[in-house]
*Asks:* 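Quick one: this structure, given as C-alpha cells, is what I'll be asking you about.
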Amino acid sequence: MAIAAKKTPLGGLAGKLLSSNILSEEIISAATADAEDKNLPLVRYLIEHNLVDSKTLAKLISEQFGLPLLDLSTLTIPSDFTHLVSSNLIEKNAALPVYKHGKRVFVAVADPTNLHGLDELQFNLGEGTVEPIIAEWDKLSKAIDKVVSDTDTPFGDLDDTELDDFDEVEVSEIEEEMADESDVDDAPVVKFVTKCLLDAIRKGASDLHFEPYEKSYRVRFRIDGMLEEITKPPQSLAGKIASRIKVMSRLDVSERRVPQDGRIKLKISKNKAIDLRVSTCPTMYGEKACLRILDSDAAKLDIDQLGYEDFQKDLFLKNIEKPYGMFLVTGPTGSGKTVSLYTGINILNKSDVNISTAEDPVEINLQGVNQVQVEERTGMTFPKALRAFLRQDPDIILVGEIRDFETGSIAVKAAQTGHMVMSTLHTNDGPQTLTRLQDMGIQPFAVATTINLITAQRLCRRLHPDYKLAENLPKDVLIKEGFPAEWLENEFSVFGPGLENEDCPSGYKGRAGIYQVMPISDAIRRLIIEGANAVQLADQSKKDGVWDIRLSGLAKVRAGITSLAEVNRVTVE
C-alpha cells in the first residue's frame, strides 16, 4: 500500500499569505521553490512577479515580522539622513535612511529578510544601529529614485584631495584605454558628469549649462524652455568637469583659450543612444560648457502633435506638397523650427523623392535623406553645399539657415528652377521675413515669386492637466489682452498653473507650438514688388485671414492648453 507524501506546512510569510487567502497554496509553493532556485528572497520575488499588491504585501510583512509600517508618501526626508551612506548603497540594497534618533538610524525597506544589505549599511554607518521599518515597494522605489536624483553626494561635498588621482591626462587615459574598468565608475568627476547627462535626459531637458564663476559653480538644465538650477558642485572642480566633457566630445583638452564645438553619443541602453551637441567657451573663471540634447524622436512627430490649428495644418500640408518654391520657418533660437522642418521632411521622405539637406550641425539623422554637415573651416559652406546639390538631381533641398545674400540667392534660384526649398530664418514673424530677405539683397520680384508659405512660431509651456486652476478674468480684461469679441460671445474658462506640488512644481508640463502660418497671396506679392514695409505686409496678411502669433497663443488659452501669463511671456502684445 502506497503512503501519500506528507506536505510540509507553509510557515512564515508564505503561511501568512495562505492563511489570509491572498494566494493559493499552489502559487505560493511554486513561487517559494522558484525563488529558492533563483536565490532570491521571497519578498523580492513576489514583488518582481506582481503576485501581490505592494500595499497588501507591506502590511503582511509588517505583521509577520513585528515591524512598524511607514507611508513614505507622507514623509519629507532631510538630505542629511540620506547622506549617512552613499547613494550606491541605497540603490543596491533598496534601503533608505529616513530618521535618526541618537545612535539609532531608522531605515525604510520593503524586504526585511535582506540581512546582508542591512549589515552592509550597518558597517558603513560605523557607529549606530540600523532599525528597519517596512515601506511599500513602489513608494520606496520612487523615494529612492528622488533621493539619488536630488542628492549631490558624492559631488556636492567633493574637494581636491579626493581627486588627486584623476588629473586631466589620467581622465583621458581612463576614457580611451580603460573604458571597461571599474576605475571609470569610481572617478567622482566621471560619475558626476554622467549623472548630470542622465538626469537631464530623464527630466526632458533640452540643454545643460556647466557654468564657472569666481567663487561658485553651478549646473542648470533648460526644461520646457526655462532654465533651472540643478546643483552647485565646488568651484575647484571647474577645470576637471570641463576636461571630462571635452574628453567625451573628443575636443582638445589642452586648448582653453578659444571656443570649441563637438558631439557626444551617449548609449543609455542596448537599443537607445542619445546625441548631444557640445559647445565650450572660455570665461573669466574657467570654461563654460553648453550641451544641447538632440532628440532623434522629434523627426518622428506627427504633425498633430506640434499644435497647429486645423486650418494652419491644412496650409502646412498643402504647401510642402508643392513641386517647387520656398517653404520658410522663422522664429528665435529654441522655438522649435528644426522640429517643424523635420516633421515636413519626414512626411515627404518617400522612395521616389530625392531629398538633400545642408545643416550646421546635422541635429537629427534621417534614413533616406542625404544630409551634409556644413563646416566653415574645411570650406564646406552653405553655398558650396547648395551648388553641389543642384548637380545631384534633387527634388527637395533643406537649408539649415539662410544667413547671407549668397545662401539666399542660391536658394531662390533653386526654387525658381523647379525645386522645393525648405529653410529657416531668425525673424519674428512672416512679414518681417519678407523684408529681411530684401535687406540681404535679394530682389523683391524673386522674393514675391518664389516663396509659397512662411511659418513663424514660438513654444509655450503646457498647463499640467491635473493641476491647472480656473482664473476669473472680467470680459474687459480679456478684450484688452486681445481676445476677439466674437470669441467672448460663448463663455470659456481661462486657466493658470495650480498650487505647487511634488509631481509638477511649476504647474506646467511639456510645450506646445503657437504659429503664424502665412501663405503668400497675390495681394501680398503686389505689395512686395511695390516695396511695402513689414507693417503694411502685416496689415494685408490680417485682411487675408492670417492669425498672428499672439492670436494663435490666445487660442491656446481659450482651449485651456496654456495660461495667459505664459502667452504674454512668449509673445508681444
Side-chain angles (χ1 to χ4, degrees), residues 8-25 27-78 80-148 151:
T8 303
L10 295 171
L13 178 60
K16 192 76 173 176
L17 288 165
L18 180 61
S19 63
S20 302
N21 294 319
I22 294 173
L23 292 177
S24 69
E25 185 174 359
I27 293 177
I28 296 171
S29 298
T32 303
D34 198 17
E36 287 179 0
D37 290 342
K38 294 178 178 178
N39 198 27
L40 281 176
L42 179 59
V43 173
R44 182 166 297 184
Y45 183 92
L46 293 170
I47 291 169
E48 290 180 354
H49 289 78
N50 297 315
L51 294 175
V52 184
D53 174 70
S54 181
K55 185 174 183 179
T56 302
L57 186 58
K59 186 176 179 181
L60 280 175
I61 293 171
S62 173
E63 294 173 357
Q64 178 64 32
F65 290 91
L67 296 172
L69 179 62
L70 175 67
D71 184 355
L72 281 177
S73 64
T74 64
L75 185 67
T76 301
I77 306 169
D80 54 344
F81 297 155
T82 58
H83 288 178
L84 292 172
V85 292
S86 72
S87 57
N88 285 340
L89 276 181
I90 291 174
E91 277 191 300
K92 175 184 173 184
N93 297 307
L96 180 65
V98 294
Y99 181 69
K100 185 178 181 183
H101 182 70
K103 291 187 176 182
R104 301 168 69 195
V105 178
F106 294 89
V107 178
V109 296
D111 180 10
T113 66
N114 182 14
L115 299 178
H116 174 74
L118 294 173
D119 288 342
E120 195 171 6
L121 290 176
Q122 177 74 66
F123 176 80
N124 280 268
L125 283 171
E127 295 184 0
T129 304
V130 169
E131 301 279 355
I133 300 175
I134 304 303
E136 297 169 38
W137 175 257
D138 52 354
K139 292 180 180 178
L140 177 63
S141 299
K142 186 176 180 180
I144 289 175
D145 286 344
K146 186 176 187 304
V147 165
V148 172
T151 183

*Asks:* Identify the two heavy atoms, one from Val109 and one from Pro132, that lie closest to each other, and give their separation to 0.1 Å.
*Replies:*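 Looking at all heavy atoms of both residues, the shortest contact is CG2-CB, 4.1 Å.
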
*Asks:* If I compare all heavy atoms of Pro97 with all of Val105, which pair ends up nearest, and what's the gap?
*Replies:*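 Taking every non-hydrogen atom into account, CB-CG1, 4.2 Å.
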
*Asks:* Look up atom CG in Leu72 and atom CG in Leu140, then write down how far apart they are to the nearest 0.5 Å.
*Replies:* 6.0 Å

*Asks:* Tell me, do Leu57 and Leu51 make a side-chain contact under 4.5 Å, heavy atoms counted?
*Replies:* no

*Asks:* Rounded to the nearest 0.5 Å, what's the gap from CG on Leu67 to CD on Glu131? Could you check?
*Replies:*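 Reported value, rounded in 0.5 Å steps: 9.0 Å.
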
*Asks:* Applying side-chain contact (heavy atoms from CB on, under 4.5 Å) between Phe106 and each of Leu96, Thr129, Ile133, report the one that passes.
*Replies:*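 Answer after filtering Leu96, Thr129, Ile133: Ile133.
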
*Asks:* Could you measure the distance from the NZ atom of Lys55 to the CG atom of Asp71? Nearest 0.5 Å is fine.
*Replies:* 7.5 Å

*Asks:* What distance do Ile90 atom CD1 and Ile144 atom CD1 have between them, rounded to the nearest 0.5 Å?
*Replies:*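 Going from the CD1 atom of Ile90 to the CD1 atom of Ile144 covers 7.0 Å.
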
*Asks:* So how far is it from Ile61 CD1 to Trp137 CH2, rounded to the nearest 0.5 Å?
*Replies:*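 So the gap between those two atoms works out to 10.5 Å.
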
*Asks:* Of all residues at least two apart in sequence or in a different chain, which pass the side-chain hydrogen bond (donor to acceptor under 3.5 Å, both in side chains) check with Asp119?
*Replies:* none

*Asks:* Could you report the tightest heavy-atom contact between Ala135 and Ala108, atom names first, then the distance?
*Replies:* CB-CB, 4.1 Å

*Asks:* Kindly indicate, with the supporting measurements, whether the criterion side-chain contact (heavy atoms from CB on, under 4.5 Å) is fulfilled by Thr32 and Glu36.
*Replies:* CA-CA 6 Å; Thr32 303; Glu36 287 179 0; 3.9 Å; yes

*Asks:* Do you know the tightest heavy-atom contact between Leu115 and Pro112?
*Replies:* CD2-O, 3.7 Å

*Asks:* Taking all atoms of both residues into account, what is the closest heavy-atom pair of Glu120 and Asn93, and its distance?
*Replies:* OE1-ND2, 3.4 Å

